[in-house]
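Here's the structure we're looking at; comments come further down.
Whatever order the structure lists ligands and atoms in, that order sets their numbers, starting from 1.
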Amino acid sequence: MNGTDERLLEEIAELLADPAHRDHPLHAALSQLLARHREQSRRLDRLIGIADGFQHTAQQDLHATRHELERQLHRQRKLSRIADRYQLLLSERNEALRNESHHDPLTGLANRRLLHEHLERLIGTSERYQRPFTLAMLDIDHFKRINDRFGHDVGDRALTQLADTLQSTLRTSDHCGRWGGEEFLVILPETTLEQAEPLMSRLCNRMRHLDIRQDGVRIRITASVGVAQHRPPEDYERTLQRADEALLQAKRQGRNRWLAAG
Ligand SMILES: Nc1nc2c(ncn2[C@@H]2O[C@H](COP(=O)(O)OP(=O)(O)OP(=O)(O)O)[C@@H](O)[C@H]2O)c(=O)[nH]1
């Protein structure tokens, strides 16, 4: 109720209270109307009070709920950040484990397991698209003598330098790895024996020029290599075997050379 209404009601109440109007014919009806109006106003005020109370409580509830939601959201974000970090750590660890299980710890080259995986893939594509590939088995000559004369550490250094030379001589699409001991396998996809020949000469040449020194003495290293082109429908194990036979032949013929499998 606004101020004008209040004043009007007060005026009516004053008029009704005035003895001069007590006998007026509308006096009783106006008195009742005024009393009823006041009663209704009181009820309305009470209802508004209750509604305000409800609204206040509802607002407090809303505020508390929002606060709780924000708290949970914050917790969830934190948890998800932790989970992301954990996931990243896990995948890095998995990657490191995979790397360790596929690489030779001394030279960092692919180990025999990874070489087999490359060969499995290669034989698949080579059969499907009838593409050639060539394998070369390389073995350091008289490596035992190097170990015996200069020590195992020098032998290890020779193996790592040879591995580096292999990697820098090959194309990125080729693969090489440590087959075992002082034996290395070179995989040349999309390559015929004829195309592999210049590379074999270059490899043998680079082995001869490895600069490995001990107490000022240069240690001369040579390698023998057996090379075989895959002959469909043979499996890659057979190609490996032929490369190995050629390697033995190269050793028998005096080492420090490469020989193609017959
Ligand atoms: N330093 C070092 N030596 C190794 C490693 N793996 C194998 N060898 C050595 O490599 C030598 C291989 O000797 P052999 O199989 O007799 O062959 P070789 O002396 O190279 O003789 P040919 O192959 O016939 O020319 C052994 O003395 C092994 O101990 C290695 O990781 N580090």
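- With contacts defined as side-chain heavy-atom distances shorter than 4.5 Å, the pair Pro132/Thr191 does not qualify.
- Remark: minimum distance from atom 15 (O) of ligand 1 to any protein heavy atom is reached at Glu182 OE2, 3.8 Å.
- Side-chain contact annotation: Thr107 with Arg178, donor-acceptor N/O pair under 3.5 Å absent.
- Only the side chain of Asp139 comes within 4.0 Å of ligand 1, counting heavy atoms alone; its backbone N, CA, C and O stay farther away.
- Short contacts between ligand 1 and Gly155, defined as distances under 4.0 Å to a heavy atom of the residue, involve ligand atoms 1 (N).
- Scanning all protein heavy atoms for the shortest distance to atom 31 (O) of ligand 1 gives Arg178 NH2, 2.6 Å.
- Between Ile212 and Phe150 there is no side-chain heavy-atom pair separated by less than 4.5 Å.
- Protein heavy atom nearest atom 18 (P) of ligand 1, with residue, atom name and distance: Phe143 N, 3.4 Å.
- By the criterion of a heavy-atom distance under 4.0 Å, the side chain of Leu159, and not its backbone, is placed next to ligand 1.
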Worksheet item: Can you list the steps and then say if Arg121 with His118 is a side chain to side chain contact (heavy atoms under 4.5 Å, CB included)?
Response: CA-CA 5 Å; Arg121 262 199 302 275; His118 288 319; 3.3 Å; yes
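- Listed by number with element, the atoms of ligand 1 under 4.0 Å from a non-hydrogen atom of Gly181 are 6 (N), 7 (C).
- The closest protein non-hydrogen atom to atom 32 (N) of ligand 1 is Asp156 OD1, 2.6 Å.
- With salt bridges taken as basic N to acidic carboxylate O contacts below 4.0 Å, one links Glu39 and Arg43.
- Taking distance alone, with nitrogen or oxygen atoms compared against 3.5 Å, Leu106 stays at or beyond that limit from ligand 1.
- For ligand 1, the polar-atom distance check finds an N/O of His142 within less than 3.5 Å of one of the ligand's N/O atoms.
- Within ligand 1, counting atoms from 1 as listed, the ones closer than 4.0 Å to a heavy atom of Ile140 are 20 (O), 23 (O), 25 (O).
- Shortest contact from atom 22 (P) of ligand 1 to any protein heavy atom: Lys251 NZ, 3.3 Å.
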Practice prompt. Please test Asp104 against Leu159 for side chain to side chain contact (heavy atoms under 4.5 Å, CB included), starting from the C-alpha separation and ending with a verdict.
Written response: CA-CA 11 Å; Asp104 166 45; Leu159 289 171; over 6 Å; no
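- To the nearest 0.5 Å, atoms NE2 (His24) and CG (Leu16) are separated by 10.0 Å.
- Counting heavy atoms under 4.0 Å from ligand 1, residue Asn147 touches it through the side chain alone.
- The nearest heavy-atom contact from the protein to atom 13 (O) of ligand 1 is Lys144 CB, 3.8 Å.
- For ligand 1 and Arg255, the ligand atoms under 4.0 Å from any heavy atom of the residue are 22 (P), 24 (O), 25 (O).
- Residue contacts with ligand 1 leave out Arg252, since none of its heavy atoms falls under 4.0 Å from the ligand.
- Remark: the Arg252 side chain and the Gln249 side chain contain an N/O donor-acceptor pair separated by less than 3.5 Å.
- Proximity of a side-chain donor or acceptor of Arg171 to a complementary backbone N or O of Leu188 within less than 3.5 Å is not detected.
- Gln214 and Arg157 form a side-chain donor-acceptor contact under 3.5 Å, judged by distance and modelled atom types alone.
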